[in-house]
Amino acid sequence: MDDQESKPALQVSRREFVEVAVVSGLAAGVPAAAQTPEIKPRIVNCTFTINKQKQELQIDPRVTLLDLLREHLKLTGTKKGCDHGQCGACTVLVDGRRINSCLTLAIMQNGREITTIEGLAAGSQLHPMQTAFIEHDGFQCGYCTPGQVCSAVALLDEVKAGAPSAVTPRMGEIRPIELSDDEIRERMSGNICRCGAYEGIVAAVREAAGRRRV
Amino acid sequence: MKPFSYFCPATVDEAIQGYGEAQETRFIGGGTNLLDLMKMGVERPAHLIDIGRLPLMKISPHGDGVRIGALISNTDAANHELIRTRYPVLTEAILAGASPQLRNMATMGGNLLQRTRCYYFYDPSYQECNKRTPGSGCAAIDGYNRIHAVLGQSPQCIAVHPSDMCVALTALDAVVQVKGPHGERSINMTEFHRLPGDTPQVETNLQSGELITAIDLPSIPYGKQSHYLKIRDRHSYAFALVSVAVVLDADEDGTMRHVRIALGGVAHKPWRATKAEKALTGEKADKKTLRAAAEEELADAHGYEHNSFKIELAKRAIVRAVTTVVGGQQNG
């Protein structure tokens, strides 16, 4: 077992330690009447399967899934962009579905299977979507890329399952999705790229989709 | 973030009992809005009840209509065959909102309860917000108010409800099923949200501790003749400036037997356009009639420094949306 796995999730950085200490200090200094009673259970036990590895962790209920991954598990591939669900840089897969990891508490995902950008490759073999992003220059600075790639991987599954998007014609009729470039753009609109690598991103998704014969 | 206790009940009754009389308790479903507001310090719950595991995740026929469990994700509702084939306007509206990631997280019940995106409400560094701090004033009225209300607002609050989904539900005459400490009851969609009046902090007619369990859609034989038109600053992933949900029953010659219209982006709640509906029922959908109906609906509208454009935009959007459906060009 490596060092990280044995660490309780709370003992991480000085900054967080200070935050917790301040909160406790405040609670001690406030008269009982002004407090909401019984806010005790600060640390809870959770189990996650992260990139196919089972992790048993003790966490503060306030920790987001994003902070759990980055700060506690050092899986820093997942990026914190806006931290408000507006940019998509924090996109990960939970039970195979893409979500913004900044807008969920880790504790709410207890027991679930989480896949981050670190979990997409099979050993040294990149995921086809990663390869396609490289081949088509689907990035410049790279900060949004892990979120873009995770999002695109889920996109292909959604299309395969026949899920419509806002630009799908006649969405009241159940039929296979034709993954046009407009469809790709709409379905990737939750991932912002401030370098503007969108052309390469659309090309990468198009190619990866072709490989999977969507 | 303020510390909170966390409880993840397995049944609806446990959730309602857990809520108790506590003022500072919040149910958390998908969390996409509540957690964001907690980060901003706008919401400061002392107790969180995670309803994410409650067995309210089914979509099924219900009488002649359809019942949607409150914890169905926005994605699953939009994708469901019963919704797509009977109420495509709901699919259109849901898919017009947010992003795939957010729709995967957000629940149907939670979407009903999302708070306004008024910048001043969201940012506690502005002291004035009657919604956040009752009695403190409204920073938007004399501030930057481009996204704000033109119908039904009050001197206390000019915020708008941000949901796309709720606009479609309003046009469809959905019924919200709730359960609370005093039992179960049904609330018509048009009665669910409130206009701001003197109490903008009270946004819905839910009572303390009541939990949304389902959303019922009535049978609408002409449900496929529908369209959700959303007008926004960018093509995707932006809140509506103005939106229109239309569901109507038109003869082949264009005479409208039944008309349902709801507007988004213009008021503190999804705005059922009853005046326009009345003006159009039994009429032919020609440009002049449509424009007159839209004028009538917006007759009492009142704009501010930056949002007066919404009044004309809403009129044109009504005309365009109805024309689209009558012309058979809808996306359903």
Side-chain angles (χ1 to χ4, degrees), chain A residues 19-20 23-24 27 35-42 44 60-64 83-86 88 90-92 94 97-105 107-111 147 150-151 154-155 158 161-174 185-192, chain B residues 1-8 22-24 28 30-36 38-40 45-48 50 52-53 73 75-76 78-79 81 83-89 91-92 94-106 223-224 226 228 230 234-238 330-332:
Chain A
E19 186 186 290
V20 170
V23 168
S24 323
Q35 283 188 49
T36 312
E38 286 180 57
I39 306 172
K40 276 187 295 190
R42 294 298 312 280
V44 285
D60 183 320
R62 291 173 294 177
V63 170
T64 62
D83 207 25
H84 290 286
Q86 297 170 5
C90 67
T91 302
V92 300
V94 174
R97 299 185 128 197
R98 48 176 160 166
I99 69 162
N100 300 109
S101 61
C102 74
L103 280 191
T104 186
L105 296 167
I107 193 174
M108 291 163 66
Q109 307 302 333
N110 190 14
C150 285
S151 203
L155 177 158
E158 291 160 13
S165 83
V167 300
T168 304
R170 297 273 163 190
M171 62 182 74
E173 296 166 14
I174 312 291
R185 288 190 193 98
E186 167 61 26
R187 289 165 189 271
M188 289 299 290
S189 67
N191 292 81
I192 310 292
Chain B
M1 208 184 287
K2 185 176 139 181
F4 51 78
S5 74
Y6 175 87
F7 172 46
C8 186
Q23 291 292 310
E24 294 182 294
I28 189 164
T32 55
N33 191 210
L34 179 56
L35 183 54
D36 201 18
M38 286 163 66
K39 287 183 184 182
M40 298 299 290
H47 308 282
L48 266 195
D50 181 354
R53 316 273 164 146
S73 71
T75 297
D76 287 341
N79 290 353
E81 193 171 338
I83 306 300
R84 284 177 67 181
T85 54
R86 294 195 202 177
Y87 311 97
V89 70
T91 295
E92 265 192 288
I94 291 173
L95 294 180
S99 68
Q101 291 96 315
L102 289 165
R103 294 193 296 267
N104 280 343
M105 308 167 81
K224 275 207 147 183
S226 62
Y228 185 70
K230 179 172 180 180
R234 57 183 181 195
H235 191 65
S236 184
Y237 202 14
Q330 74 273 16
N331 210 12

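Sequence lines set the chain letters: A, B, ... in the order given, protein chains first and strands last, and positions in each chain run from 1.
- Contacts between M38(B) and chain A at a heavy-atom distance below 4.5 Å are absent for every atom of the residue.
- No part of L155(A) comes within reach of chain B, as not one of its non-hydrogen atoms sits under 4.5 angstrom from that chain.
- Of the two parts of R187(A), only the backbone, made up of N, CA, C and O, holds a non-hydrogen atom closer than 4.5 Å to a non-hydrogen atom of chain B.
- Between E158(A) and R98(A), the closest side-chain pair of non-hydrogen atoms falls below 4.5 Å.
- Evaluation of the side-chain hydrogen bond (donor to acceptor under 3.5 Å, both in side chains) rule for D36(B) yields H84(A), Y122(B) as partners, not counting sequence neighbours.
- A side-chain hydrogen bond (donor to acceptor under 3.5 Å, both in side chains) with S151(A) is found for exactly one of N100(A), T91(A), N191(A), namely N191(A).
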**Request:** Could you walk me through whether E186(A) and S165(A) pass side-chain hydrogen bond (donor to acceptor under 3.5 Å, both in side chains), step by step?
**Result:** CA-CA 7 Å; E186(A) 167 61 26; S165(A) 83; 5.2 Å; no
**Pair K224(B)-E173(A), salt bridge (charged side-chain N to carboxylate O under 4.0 Å, His left out): steps then yes or no** = CA-CA 10 Å; K224(B) 275 207 147 183; E173(A) 296 166 14; 5.5 Å; no
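- With sequence neighbours excluded, the residues satisfying side-chain contact (heavy atoms from CB on, under 4.5 Å) with D50(B) are M108(A), Y6(B), C8(B), I28(B).
- With a 4.5 angstrom heavy-atom cutoff, L48(B) touches chain A only via side-chain atoms.
- Between chain A and the options N33(B), L34(B), T32(B), heavy-atom pairs under 4.5 Å are most frequent for T32(B).
- Interface remark: R53(B) contributes side-chain atoms only to the contact with chain A (heavy atom separation under 4.5 Å).
- Ranking G88(A), C102(A), P164(A) against chain B, the residue ahead of the rest is P164(A), based on heavy-atom pairs under 4.5 Å.
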